[in-house]
Amino acid sequence: MLKDEITIKAVIDNSRGGIDYSDEDIVLKDSIRLVSTPSSVRLAMNCLFFILKGHAQVVVNGKIIKVEKNNFVICPPNIGISDFMISPGFEVRVLFFSSRILQTFLREKVEIWNEFVYSRKVHVVAMEGDRFSAYTTFYGMLHTVIQSGVQMPFYNEIIRSMIGVGLLGLTSILYKDRNSLNSTLTSRPDKLFRQFLEILHNSSTAHCTVESLAQELCVSPKYLSNICKKNSGKTASAWIEERVMEEIRYYLRQTDMSVKQICYELGFSSPSFFSKYVRAHFNMTPLQLRRT
């Protein structure tokens with residue numbers, strides 16, 4: 001979890017009066033001023049940069065990205081950022097968050113996020129007019145809660161819920177911009193990857209395998225995994241596993257279904273195999289996961 005934080009700390013300095021928050025899935029850094037520019041950085045978590053002052057140009061996975069004040073920059077995991085060029089006094093807010101928590105916050109709407117970030121490769125969102133006003137109001141509330149300190153009852157739950165609302169709001173902006181984008185998916189691999197995401201997030205996990213999805217897309221499982229890896233850095237099986245894990249977390253924490261019912265709902269062959277899967281991926285039993 002701290003890999004990104006350690007990498008960034010080597011090149012940034014917190015300004016006075018900023019706020020910090022971190023847990024196992026989220027790291028928030030406020031009022032950050034770059035004090036040096038590394039030759040390259042590789043991010044292991046999802047990352048949002050909000051530009052407070054100045055402008056910059058960087059290369060993201062070989063593509064030149066130009067950003068300025070009031071821009072959001074969206075970076076998915078496992079991408080390389082290099083060739084930093086920043087203006088004097090450049091300041092930025094940074095939010096790191098795991099793919100696990102993104103799936104938890106957005107659920108089925110994560111396909112909108114994935115379409116923009118992975119298929120259309122949109123990295124910059126301008127926050128102007130009503131968008132900027134809404135963001136300023138939201139961040140002011142978040143700032144107040146974080147400054148109140150950990151003594152507040154349910155502190156972590158409140159912060160995580162607020163950040164979830166913020167990410168859902170950003171996804172809403174992406175959705176509204178969906179039809180106004182000039183960029184289109186023209187290559188077959190790009191279209192195939194987008195179709196894969198759509199099918200995955202609209203199908204029951206009980207029937208999701210690399211083989212079944214590849215068959216539905218009329219390609220081989222190996223070709224599908226290669227396309228997924230090229231577009232997102234994750235194989236098709238990794239995408240499916242991430243979806244299954246989120247479904248497990250949702251059903252155990254948000255429903256009253258028994259472990260046995262959840263097991264068969266998600267397509268596991270037996271409760272014992274389901275329990276082994278949960279222990280292997282969450283380091284706890286289904287009942288322990290339900291209580292967390």
Side-chain angles (χ1 to χ4, degrees), residues 1-5 21-27 44-46 76-78 96-114 117-118 154-161 163-165 167-168 171 196-216 221 224-225 228-229 232-292:
M1 186 274 292
L2 294 178
K3 180 177 180 181
D4 294 88
E5 186 182 7
Y21 173 82
S22 65
D23 59 32
E24 67 271 18
D25 288 299
I26 297 168
V27 178
M45 297 175 77
N46 296 278
N78 303 313
F96 299 106
F97 51 98
S98 67
S99 294
R100 178 180 67 182
I101 201 67
L102 180 68
Q103 181 79 43
T104 299
F105 287 153
L106 301 184
R107 292 200 49 77
E108 72 281 356
K109 297 177 184 64
V110 78
E111 67 179 274
I112 299 168
W113 181 280
N114 290 335
V117 174
Y118 291 113
F154 318 121
Y155 174 75
N156 286 81
E157 290 89 341
I158 293 171
I159 299 300
R160 288 165 72 96
S161 296
I163 291 176
V165 169
L167 288 173
L168 184 59
T171 304
F196 165 78
L197 293 179
E198 289 175 349
I199 294 172
L200 175 62
H201 290 290
N202 287 292
S203 300
S204 166
T205 54
H207 307 292
C208 280
T209 64
V210 176
E211 291 73 20
S212 65
L213 294 179
Q215 183 176 14
E216 188 165 350
L224 177 60
S225 280
C228 291
K229 185 73 173 179
S232 67
K234 293 188 289 188
T235 62
S237 59
W239 276 103
I240 293 170
E241 183 174 274
E242 189 175 285
R243 171 87 197 285
V244 171
M245 289 173 66
E246 177 49 35
E247 289 294 284
I248 291 172
R249 189 181 294 106
Y250 170 77
Y251 278 106
L252 283 173
R253 291 178 174 175
Q254 305 297 327
T255 77
D256 295 325
M257 293 173 65
S258 68
V259 171
K260 185 176 181 180
Q261 287 174 317
I262 295 171
C263 159
Y264 294 122
E265 175 72 19
L266 297 181
F268 287 86
S269 58
S270 68
S272 62
F273 180 70
F274 176 71
S275 294
K276 288 180 182 178
Y277 185 94
V278 173
R279 285 197 297 270
H281 289 81
F282 296 93
N283 294 317
M284 60 184 76
T285 67
L287 291 180
Q288 288 172 329
L289 180 60
R290 169 161 271 172
R291 290 194 292 266
T292 58

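For clarity, every value in this text was computed on a predicted model and none was experimentally measured.
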Quiz prompt | Backbone of Leu167 reached by a side-chain donor or acceptor of Thr171 within 3.5 Å | solution = yes
Quiz item: Do any N or O atoms from the side chain of Lys234 and from the backbone of Ala238 form a donor-acceptor pair under 3.5 angstrom?
Solution: no
Quiz item: Hey, mind stepping through Ser161 and Val165 against side chain to side chain contact (heavy atoms under 4.5 Å, CB included) and telling me if it holds?
Solution: CA-CA 6 Å; Ser161 296; Val165 169; 5.7 Å; no
Quiz item: Less than 4.5 Å apart, any side-chain heavy atom of His281 and any of Leu289?
Solution: no
Quiz prompt | Side chain to side chain, Val110 and Phe105, heavy atoms closer than 4.5 Å | solution = no
Quiz item: Would you call Lys260-Glu265 a salt bridge at under 4.0 Å N-O?
Solution: no
Self-check item: Rounded distance (nearest 0.5 Å) linking atom CD of Glu111 with atom CG of Leu197
Solution: 8.5 Å
Quiz prompt | Nearest atoms (heavy-atom pairs only) where Pro286 meets Leu252 | solution = O-CD1, 3.7 Å
Practice problem: Answer with yes or no whether the side chains of Ser272 and Ser275 bring together a donor and an acceptor at under 3.5 Å. | Solution: no
Quiz item: Taking side chain as C-beta onward, heavy atoms only, is Leu102 less than 4.5 Å from Trp113?
Solution: yes
Practice problem: Check whether any side-chain heavy atom of Ile240 sits under 4.5 Å from a side-chain heavy atom of Leu213, and report yes or no. | Solution: yes
Quiz item: To the nearest 0.5 Å, what is the distance between CG (Asn114) and CH2 (Trp239)?
Solution: 4.0 Å
Quiz prompt | Heavy-atom pair with the smallest gap, counting every atom of Pro271 and Cys263 | solution = N-SG, 3.5 Å
Self-check item: Heavy-atom pair with the smallest gap, counting every atom of Thr255 and Arg290
Solution: O-NH2, 3.2 Å
Exercise. Show the numbers, then the answer: is there a side chain to side chain contact (heavy atoms under 4.5 Å, CB included) between Ile262 and Ile248?
Key: CA-CA 8 Å; Ile262 295 171; Ile248 291 172; 5.6 Å; no
Quiz item: In chain order, what residues pass the side chain to side chain contact (heavy atoms under 4.5 Å, CB included) check against Arg100, with sequence neighbours excluded?
Solution: Glu24, Asp25, Ser98, Arg249
Quiz item: Closest approach of Ser269 and Tyr264, non-hydrogen atoms and distance?
Solution: O-CE2, 3.7 Å
Exercise. Could you label the plane-to-plane angle of the Phe268 and Phe274 rings as parallel, tilted or perpendicular, counting under 30° as parallel and over 60° as perpendicular?
Key: perpendicular
Quiz item: To the nearest 0.5 Å, what is the distance between OG1 (Thr235) and CD (Glu241)?
Solution: 8.5 Å
Quiz item: Between Ser258 and Gln261, what is the shortest heavy-atom contact and its length?
Solution: N-OE1, 2.8 Å
Quiz prompt | Any Val244 side-chain heavy atom under 4.5 Å of Tyr277 side chain | solution = yes
Quiz item: Roughly how far, to the nearest 0.5 Å, is the CZ atom of Arg160 from the CG atom of Asp23?
Solution: 4.5 Å
Quiz item: Is atom CD of Gln288 surrounded by more than 12 heavy atoms (other residues, nucleotides or ligands) closer than 6.0 Å?
Solution: yes
Quiz item: Between CZ of Phe96 and OG of Ser22, what distance do you get to the nearest 0.5 Å?
Solution: 11.5 Å
Self-check item: Intermediate values then yes/no, side chain to side chain contact (heavy atoms under 4.5 Å, CB included), Val259 and Leu287
Solution: CA-CA 8 Å; Val259 171; Leu287 291 180; 4.1 Å; yes
Exercise. Indicate yes or no: at least one non-hydrogen side-chain atom of Arg279 is less than 4.5 angstrom from one of Met284.
Key: no
Quiz item: Is there a side-chain contact between Ile163 and Phe97 (heavy atoms, below 4.5 Å)?
Solution: no
Practice problem: Could you tell me whether the side chain of Leu266 reaches within less than 4.5 Å of the side chain of Glu247, counting heavy atoms only? | Solution: yes
Quiz item: Would a distance-only check, ignoring hydrogens and angles, find a side-chain to backbone donor-acceptor pair under 3.5 Å from Ser212 to Thr209?
Solution: yes
Quiz item: How many angstroms lie between CD in Glu242 and CD in Gln103, if you round to the nearest 0.5 Å?
Solution: 6.0 Å
